Asker: 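Can you read through this structure? Questions will come right after.
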Amino acid sequence: MSSPVVTRFAPSPTGYLHIGGGRTALFNWAYARKLGGKMLLRIEDTDRERSTADAIDAIIEGLTWLGLDWAGEPVSQYGRVMRHREVAEQLLAQGKAYRCYCSPQDLEEMRAKAEAEKRPIRYDGTWRDRDPSEAPAGVKPAIRFRAPQEGETVIEDAVQGRVVIPNKDLDDLIILRSDGNPTYNLSVVVDDHDMGVTHIIRGVDHLTNAARQTQIYMAMGWRVPHMSHIPLIHGPDGAKLSKRHGALGVEAYRAMGYLPEAMRNYLARLGWSHGDDEIFSTEQLVEWFNLESIGKSAARFDFAKLENVNGHYIRHTPDASLLAQFVDFLPHAEGGKAMLAQIDDAMMAKLLRAMPGLKERAKTLVELMKGAQFLFAQRPLPMDDKAAQIIRDGGAEALAGLIPLLESAEDWSALALESLVKAHAEAQGLKLGKLAQPLRAALTGTSTSPGIFDVLEVLGRDEALGRLKDQVS
RNA sequence: GCGCCCUUCGUCUAUCGGUUAGGACGACAGCCUUUCACGUUGUAAAGACGGGUUCGACUCCCGUAGGGCGCGCCA
């Protein structure tokens, strides 16, 4: 028998779900799926000052948008404080923890002094072996873990390898605050144990915590979960991911028009690889995902690559499905609600018909939105600079010659119109571009658009002719 | 300051002692073309540095430099 894999994603609800968290969740999710296990979601909300309900909503919405699901209800870590206290008391009773009567000011001084003397900044163990009878009156103690002072703590990490940390560098951390609330390292250990977590996958910024947690596991006689500490994501400059570089909430990526499956693909490829494969479906990711192929060095977030991947997914998504995603996206986009309000059945039909030409030119849904703009425009269309230029430079004349021809068209289909216009161009000894660009300008108000005959067809005879005449008169 | 980790084209990466060091994004050039895209062809582009080990190192070891993370009664 093999025990089922249980992973967990454990964000603290102090802000949006940032991109690094999204990738951590993706890895946990993919790993659990691959092994037929499950991923749990635990909200680390023991910091009552900074945790907010909005942040919890943002995390859940972000994960949902990314298409990452979890087993059961999200667990509130704060909801388990009684259990955490119980374990802290147990450790205390066993002599594996002790009461510390230092005040925050004492500790602050201790740190300042250590720093001034260029010594490592650590708790000096003042109360480690001191008799509790010496406790100052009226001071509520915190409980500290009695960490081993000699030897070393070893973390067998699937990504980092065997990491050895000298115990002398780890001090006695507080596990229960003087107000009776547990701290992170205690809560995490207790929860992971109680929830049956078998595999912990999280950012390397937790590597030192892993050592302290390992010590707590051992003190409790619990089995240490299998660990993987994945490298962090950096900004394009190699330093921290700043806001303008991508340290945005996943909802920002949604607003920028990225598709969830493209995000999954891109994020997975950041730090993990499967040979030379660049584009792979989520199913393939699940099938291929492994901890061994996660690299150890930090990766830089690259919007250009993300755009490319996103463009690929946009192009390869079936029209109807893409249209549905586009409509869902609109409420999250700048100016999207106004566009959404103009969408009725007729417009949906037009969008669907225009989608093949539109999606080939869009790397994001925002670009798709811009590309579709001409369908929504009201006559007389505003012309951008280049379009106005085209109309001015002989465009109007070309259109004047074209209008009677188009009016006589019996079949208003892209194919028929194309042969009609091409024949006209040939008869006049004109290059097609001389006619196509003015048409594009008049029809869309811009100098770029999908194939011009498709534009004519989608717009329909009346609207198209109207737009053309607007530019001739 | 102390501890841990990292270092292959600009970026993401492949390589798991023997390769003309491969792919992708981006860049540049060409082709395609009614615009923009798409597509397609090609070009430039990398083992931080210094020592070892070895018949042979990008790959193993040591050092140096650079970078990251951690060192809260935050998580």
Side-chain angles (χ1 to χ4, degrees), chain A residues 10-14 44-47 49-51 77 100 102-104 107-108 111 114-123 140-144 155 160-161 163-166 168-171 173-179 181-185 187-188 203-209 211 229 231-232 234 236 238-240 266 269-279 295-309 311 315 357-363 367 371 386 390 418 421-422 425 431-441 444 446-453:
Chain A
S12 57
T14 52
E44 312 232 307
D45 52 357
T46 52
D47 183 342
E49 304 269 301
R50 299 196 299 161
S51 299
Q77 187 161 61
C100 169
C102 288
S103 67
L107 297 174
E108 191 45 55
R111 268 191 290 271
E115 193 162 22
E117 293 172 11
K118 305 220 165 184
R119 280 186 295 107
I121 303 164
R122 264 175 240 126
Y123 176 65
K140 283 199 169 180
I143 296 181
R144 282 186 188 270
I155 303 160
Q160 302 295 325
V163 179
V164 180
I165 300 195
K168 65 177 174 51
D169 294 321
L170 265 16
D171 60 3
L173 73 158
I174 289 176
I175 54 177
L176 202 69
R177 299 180 175 95
S178 50
D179 66 1
N181 284 318
T183 58
Y184 171 77
N185 280 301
S187 301
V188 167
V204 263
D205 49 332
H206 282 104
L207 196 57
T208 313
N209 287 326
H229 286 89
L232 304 177
H234 288 173
K240 271 216 194 76
Y266 176 72
R269 198 63 246 286
L270 213 52
W272 174 83
S273 62
H274 182 264
D276 282 338
D277 294 305
E278 297 288 344
I279 299 288
K296 294 172 85 169
S297 50
R300 301 185 190 201
F301 195 89
D302 182 9
F303 269 106
K305 178 100 174 215
L306 207 212
E307 285 222 332
N308 173 275
V309 172
R315 271 177 263 123
L358 254 20
K359 73 181 184 185
E360 198 154 293
R361 293 166 174 76
K363 290 211 235 354
E367 288 182 12
K386 284 183 182 168
I390 289 166
E418 179 168 359
V421 174
K422 278 190 171 165
K431 287 187 75 175
L432 188 52
K434 287 289 178 197
L435 299 177
Q437 279 306 80
L439 280 173
R440 191 173 337 267
T444 69
T446 70
S447 57
T448 68
S449 79
I452 199 60
F453 303 109

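Just so it is clear, the model here is predicted, and its values are computed rather than measured. Proteins come first, then strands; the chains are lettered A, B, ... in the order of their sequence lines, and each starts at number 1.
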Asker: Counting only side-chain heavy atoms from C-beta out, which of U35(B), A75(B), U13(B) sits nearest to A299(A)?
Answerer: U13(B)
Asker: Looking only at the side chain of E278(A) (C-beta and beyond, no hydrogens), which of the listed nucleotides C6(B), G23(B), U34(B) gets closest?
Answerer: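 Side chain of E278(A) sits closest to G23(B).
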Asker: State the pairing partner of A24(B); accept Watson-Crick or G-U wobble contacts with both distances under 3.5 Å, and report none otherwise.
Answerer: U11(B)
Asker: Under a 3.5 Å cut-off for both distances, is G66(B) Watson-Crick or wobble paired, and to whom?
Answerer: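 Its partner is C6(B).
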Asker: Hey, does T448(A) reach any base, or is it just sugar-phosphate, or nothing, if we go heavy atoms under 4.0 Å?
Answerer: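 Base: the residue T448(A), judged by heavy atoms under 4.0 Å, touches a nucleobase.
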Asker: Which nucleotide, in any strand shown, forms a Watson-Crick or G-U wobble pair with C32(B), with both distances under 3.5 Å?
Answerer: none
Asker: Does any nucleotide pair with A57(B) by Watson-Crick or G-U wobble geometry, both distances under 3.5 Å, and what is it?
Answerer: none
Asker: P atom, A24(B) versus G39(B): distance in rounded Å?
Answerer: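 About 12 Å, rounded to a whole number of Å.
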Asker: Return the value, rounded to whole Å, for the distance between atom CD1 of I390(A) and atom C1' of U35(B).
Answerer: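 Result: 8 Å.
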Asker: At what distance, to the nearest 0.5 angstrom, does OG1 of T14(A) lie from CD of E49(A)?
Answerer: 12.5 Å
Asker: Taking only the C1' atom of each, what is the distance from C25(B) to G63(B) in whole angstrom?
Answerer: 36 Å
Asker: What is the distance, rounded to the nearest whole Å, between atom CH2 of W272(A) and atom P of A24(B)?
Answerer: 18 Å
Asker: How close or far is atom P of C4(B) from atom CG of D169(A), stated in whole angstroms?
Answerer: 7 Å
Asker: Taking only side-chain N and O atoms of S447(A), does any of them lie within less than 4.0 angstrom of OP1 or OP2 on U35(B)?
Answerer: no
Asker: Taking the side chain of A304(A) as its heavy atoms from C-beta onward, which of C25(B), A37(B), C73(B) lies nearest to it?
Answerer: C25(B)
Asker: Can you see if the side chain of N308(A) gets near the phosphate of G26(B) - specifically, an N or O under 4.0 Å from OP1 or OP2?
Answerer: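 So the side-chain polar atoms of N308(A) do come within 4.0 Å of the phosphate oxygens OP1 or OP2 of G26(B), strictly under.
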Asker: After noting the C-alpha distance and the side-chain angles of D169(A) and R122(A), does the key distance pass the salt bridge (charged side-chain N to carboxylate O under 4.0 Å, His left out) rule?
Answerer: CA-CA 8 Å; D169(A) 294 321; R122(A) 264 175 240 126; 3.0 Å; yes
Asker: Provide the distance between the two C1' atoms, one in U7(B) and one in U59(B), to the nearest whole Å.
Answerer: 14 Å
Asker: Considering every strand and a 4.0 Å limit on heavy-atom distances, what is the contact class for F453(A): base, sugar-phosphate, or nothing?
Answerer: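 Contact class for F453(A): base.
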Asker: If you only use heavy atoms from C-beta on, which nucleotide in C69(B), C73(B), U13(B) is closest to the side chain of S273(A)?
Answerer: U13(B)
Asker: When rounded to the nearest Å, what value does the distance between P atoms of A14(B) and C9(B) take?
Answerer: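 After rounding to an integer number of Å, I get 12 Å for this pair.
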Asker: Less than 4.5 Å apart, any side-chain heavy atom of V421(A) and any of L432(A)?
Answerer: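 Touching, per the 4.5 Å side-chain cut-off.
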Asker: Tell me what L270(A) touches on the nucleic acid: a base, only sugar-phosphate, or nothing, going by heavy atoms under 4.0 Å.
Answerer: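 Sugar-phosphate, backbone atoms only, no base.
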Asker: So, do F303(A) and Y266(A) have ring centers that fall under 6.0 Å from each other?
Answerer: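 They do not qualify: ring centres at least 6.0 Å apart.
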Asker: Who does A44(B) pair with, Watson-Crick or G-U, both distances under 3.5 Å?
Answerer: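 Paired with no nucleotide.
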Asker: Looking at T46(A), does any N or O in its side chain come under 4.0 Å of the phosphate oxygens OP1/OP2 on A75(B)?
Answerer: yes
Asker: On a plain distance test, is the side chain of D276(A) in donor-acceptor contact with the base of G22(B) below 3.5 Å?
Answerer: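 Counting by modelled atom types and ignoring angles, a donor-acceptor contact under 3.5 Å is found here.
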Asker: Kindly point out which of C38(B), A75(B), C25(B) is positioned nearest to the side chain of D47(A)?
Answerer: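 Among the listed nucleotides, the one closest to the side chain of D47(A) is A75(B).
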Asker: If I take atom CG in residue D277(A) and atom P in nucleotide C25(B), what distance separates them, rounded to the nearest angstrom?
Answerer: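 The answer, rounded to whole Å, is 14 Å.
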Asker: Rounded to whole Å, how long is the line connecting atom CD1 of I174(A) with atom P of C73(B)?
Answerer: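 Result: 4 Å.
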Asker: Which nucleotide in the set A75(B), A37(B), C4(B) lies at the smallest distance from any side-chain heavy atom of Q77(A)?
Answerer: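 Of A75(B), A37(B), C4(B), A75(B) is nearest to the side chain of Q77(A).
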Asker: Under 4.0 Å, counting only non-hydrogen atoms across every strand here, what does R50(A) touch: a base, just sugar-phosphate, or nothing?
Answerer: base
Asker: Checking all strands, does I452(A) fall into the base, sugar-phosphate, or nothing category for heavy-atom contacts under 4.0 angstrom?
Answerer: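 Base contact.
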Asker: G23(B) and G42(B): how far apart are their P atoms, nearest whole angstrom?
Answerer: 10 Å
Asker: Using the P atom on both, measure A21(B) against C36(B) and round to a whole Å.
Answerer: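 Here A21(B) and C36(B) have their P atoms 39 Å from each other.
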Asker: Would you mind telling me which of C4(B), C69(B), A75(B) lies closest to the side-chain atoms of E44(A)?
Answerer: A75(B)
Asker: Side-chain N or O of K296(A) versus OP1/OP2 of C6(B): is the shortest distance under 4.0 Å?
Answerer: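 For C6(B), OP1 or OP2 has a side-chain N or O of K296(A) closer than 4.0 Å.
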Asker: Please report the distance separating the C1' of C38(B) from the corresponding atom of U13(B), rounded so that it comes out in whole Å.
Answerer: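 Each nucleotide's C1' atom is 25 Å from the other's.
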Asker: The side chain of E360(A) is closest to which nucleotide in this list: A37(B), U11(B), A75(B)?
Answerer: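 Nearest to the side-chain atoms of E360(A), counting from C-beta on, is A37(B).
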Asker: Heavy atoms under 4.0 Å, any strand shown: does L232(A) hit a base, just sugar-phosphate, or nothing?
Answerer: sugar-phosphate
Asker: Could you check how far CD of E307(A) sits from C1' of A37(B), rounded to whole Å?
Answerer: 13 Å
Asker: Grab the CG-C1' distance between N209(A) and G72(B) for me, whole Å please.
Answerer: 11 Å
Asker: Should R269(A) be listed as having a side-chain N or O under 4.0 Å from OP1 or OP2 of C25(B)?
Answerer: no
Asker: Please confirm whether the shortest side-chain N or O distance from R300(A) to OP1 or OP2 of C6(B) is below 4.0 Å.
Answerer: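 Checking C6(B) against R300(A), no side-chain N or O comes under 4.0 Å of OP1 or OP2.
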Asker: Taking for each residue the nucleotide of RNA chain B with the nearest heavy atom, is it Q437(A) or K168(A) whose nucleotide lies nearer the 5' end?
Answerer: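 By nearest-heavy-atom nucleotide position, the 5'-most residue is K168(A).
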Asker: Regarding G357(A), tell me which of base, sugar-phosphate or nothing describes its non-hydrogen contacts under 4.0 Å with the strands shown.
Answerer: nothing
Asker: Tell which nucleotide pairs with G1(B), taking only Watson-Crick or G-U wobble pairs whose two distances are both under 3.5 angstrom.
Answerer: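 Pair assignment: G1(B) / C71(B).
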Asker: Can you check the distance between C61(B) and A27(B), where both ends of the measurement are the C1' atom (answer in whole Å)?
Answerer: 39 Å
Asker: What's the verdict on salt bridge (charged side-chain N to carboxylate O under 4.0 Å, His left out) for E278(A) and R269(A), showing C-alpha distance, side-chain angles and the deciding distance?
Answerer: CA-CA 7 Å; E278(A) 297 288 344; R269(A) 198 63 246 286; 2.8 Å; yes
Asker: Go nucleotide by nucleotide along RNA chain B from the 5' end; which of E418(A) and K305(A) gets its closest nucleotide reached first?
Answerer: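 Between the two, 5'-proximity favours K305(A).
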Asker: At 4.0 Å (heavy atoms only), tell me whether P450(A) reaches a base, stays on the sugar-phosphate, or touches nothing.
Answerer: base
Asker: Across the strands shown, which category fits H229(A) at heavy-atom distances under 4.0 angstrom: base, sugar-phosphate, nothing?
Answerer: nothing
Asker: Donor-acceptor pair under 3.5 Å: do we get one between R122(A)'s side chain and the base of C71(B)?
Answerer: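 Such a pair does not exist between side chain and base.
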Asker: Would you say the base of C71(B) and the side-chain of T208(A) have a donor-acceptor pair closer than 3.5 Å?
Answerer: no
Asker: Assign V164(A) to base, sugar-phosphate, or nothing according to its heavy-atom contacts below 4.0 angstrom with the strands shown.
Answerer: sugar-phosphate
Asker: Roughly how many Å is it from NZ in K363(A) to P in C36(B), rounded to a whole number?
Answerer: 13 Å
